[in-house]
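This report concerns only the one structure given below.
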Amino acid sequence: MRIDVVTIFPEYLAPLDVSLIGKAATAGILDIHVHELRTWTHDRHNTVDDSPCGGGPGMVMKPEPWWEALTALVPPGSEDGARLIVPTPSGRPFTQRVAEDLATASHLVFAPARYEGIDRRFIEAAAERMPVEELSIGDYVLAGGEVAVLVMVEAVGRLLPGVLGNAESAKDDSFGHSSQGGMAGLLEGPVYTKPANWDGREVPPVLLSGNHAVIARWRRDEALRRTAQTRPDLIEALDPAALDKKDRAQ
Ligand SMILES: COc1cc(COC(=O)c2cn[nH]c2)cc(-c2cccnc2)c1
């Protein structure tokens with residue numbers, strides 16, 4: 001997968017060189033390029049923003065630099081498999097399911113905006129050439145979309161084959177957020193490791209029993225309990241067929 005990020009703060013994307021994503025890039029699984037938006041400005045001040053038409057606070061990002069950047073990174077005729085991602089508070093929720101969908105793309109171009117956003121006409125023009133996804137990582141307003149790009153690249157990148165070692169396979173993701181796995185739709189229950197007794201606190205004995213069927217049942221019960229407590233909306237959203245009769249007894 002090729003990933004292009006266009007931003008006026010390239011240094012904000014430095015963490016993409018680190019750890020999981022950095023290793024994936026080194027291994028050639030991800031081909032990540034970060035670009036300075038001002039590359040595609042031509043005036044003396046490298047202007048990327050202007051005052052909002054109709055008045056109002058702040059500034060709006062001009063369409064021309066973004067359009068030139070997009071055209072350079074996705075030349076006409078090479079749109080197949082390319083998708084433009086615009087992080088914004090007014091986007092549809094970025095969820096694990098959206099991450100799984102984005103992981104199937106061959107080319108993602110991220111347009112993190114600053115100020116009050118990007119001139120709408122850029123989004124509309126881009127949507128005539130390739131799918132455009134306006135996505136929100138949460139109901140709050142950031143000063144720019146760069147942090148959201150880091151979130152999305154990590155969530156998508158870790159799903160790509162070869163990025164996670166076998167020990168951390170994404171197929172067993174926290175259930176509320178993975179559409180796969182034995183407990184799809186549920187949050188992850190509590191996890192434990194050695195020592196068996198720490199701070200006078202015992203690991204639940206069932207986990208030391210070696211009885212994998214009983215352990216799996218216990219984990220499912222804990223996931224159901226945690227989901228009901230923390231995210232009852234996810235319980236409502238569960239496919240009834242996914243619940244067995246023991247679940248319904250919960
Ligand atoms: C593309 O348009 C944007 C993008 C961003 C940065 O992204 C986020 O904040 C975000 C992404 N998921 N959750 C939050 C911020 C605004 C904005 C809106 C109003 C006032 N100030 C700024 C507009």
Side-chain angles (χ1 to χ4, degrees), residues 3-16 21 32-41 46-74 79 82-103 105 107-159 173-174 176-178 230-231 233-234:
I3 292 178
D4 287 296
V5 186
V6 181
T7 170
I8 58 172
F9 288 120
E11 63 275 22
Y12 230 111
L13 282 301
L16 292 179
I21 298 302
I32 302 182
H33 303 265
V34 178
H35 311 271
E36 164 60 79
L37 176 64
R38 298 185 199 276
T39 306
W40 291 282
T41 61
N46 299 115
T47 308
V48 295
D49 63 311
D50 204 335
S51 53
C53 287
M59 300 290 273
V60 173
M61 299 193 93
K62 295 166 61 60
E64 303 97 321
W66 283 106
W67 184 251
E68 282 194 34
L70 187 62
T71 304
L73 298 173
V74 186
E79 294 86 354
R83 298 170 76 166
L84 176 66
I85 316 294
V86 182
T88 171
S90 54
R92 77 184 169 110
F94 177 70
T95 63
Q96 188 71 15
R97 197 175 297 279
V98 172
E100 290 164 1
D101 176 41
L102 294 184
H107 187 190
L108 296 179
V109 181
F110 287 92
R114 289 261 146 185
Y115 310 108
E116 304 300 304
I118 304 175
D119 186 300
R120 189 77 207 152
R121 292 169 294 177
F122 164 67
I123 307 291
E124 289 168 358
E128 289 176 9
R129 288 191 53 211
M130 70 192 78
V132 178
E133 308 276 353
E134 294 182 270
L135 297 174
S136 167
I137 62 165
D139 293 336
Y140 36 75
V141 178
L142 302 167
E146 285 79 6
V147 169
V149 171
L150 291 176
V151 166
M152 293 181 191
V153 169
E154 178 153 328
V156 171
R158 67 185 289 279
L159 296 175
D173 269 352
S174 172
H177 305 294
S178 163
T230 312
R231 289 289 305 276
D233 58 302
L234 289 179

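The basis for the numbers below is simple: all heavy atoms, side chains too, and nothing from hydrogens, waters or symmetry mates. Whatever order the structure lists ligands and atoms in, that order sets their numbers, starting from 1.
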(message) Which residue in the set N46, I8, T7 passes side chain to side chain contact (heavy atoms under 4.5 Å, CB included) when paired with L37?
(response) I8
(request) Sort out for me which residue in T88, V86, I85 forms a side chain to side chain contact (heavy atoms under 4.5 Å, CB included) with L135. (result) I85
For each nitrogen or oxygen atom of ligand 1, which protein N/O atoms lie closer than 3.5 Å, and how far apart are they, rounded to 0.1 Å?
unit_1, atom_1, unit_2, atom_2, d
ligand 1, 9 (O), L142, N, 2.7
ligand 1, 12 (N), I137, N, 3.0
ligand 1, 13 (N), G138, O, 3.1

(message) Test: side chain to side chain donor-acceptor pair (under 3.5 Å). Region: residues 147-156. Which pairs qualify, not counting sequence neighbours?
(response) none
(request) Could you note down all residue pairs passing side chain to side chain donor-acceptor pair (under 3.5 Å) where residues 49-60 supplies at least one of them, sequence neighbours left out? (result) none
(request) Using a cut-off of 6.0 Å, state whether more than 12 heavy atoms not belonging to D139 lie near its atom CG. (result) no
Using distance only, find each side-chain donor-acceptor pair of residues 54-69 under 3.5 Å and give its atom names and separation, not counting sequence neighbours.
unit_1, atom_1, unit_2, atom_2, d
E68, OE1, H42, NE2, 2.8
E68, OE2, H42, NE2, 3.0

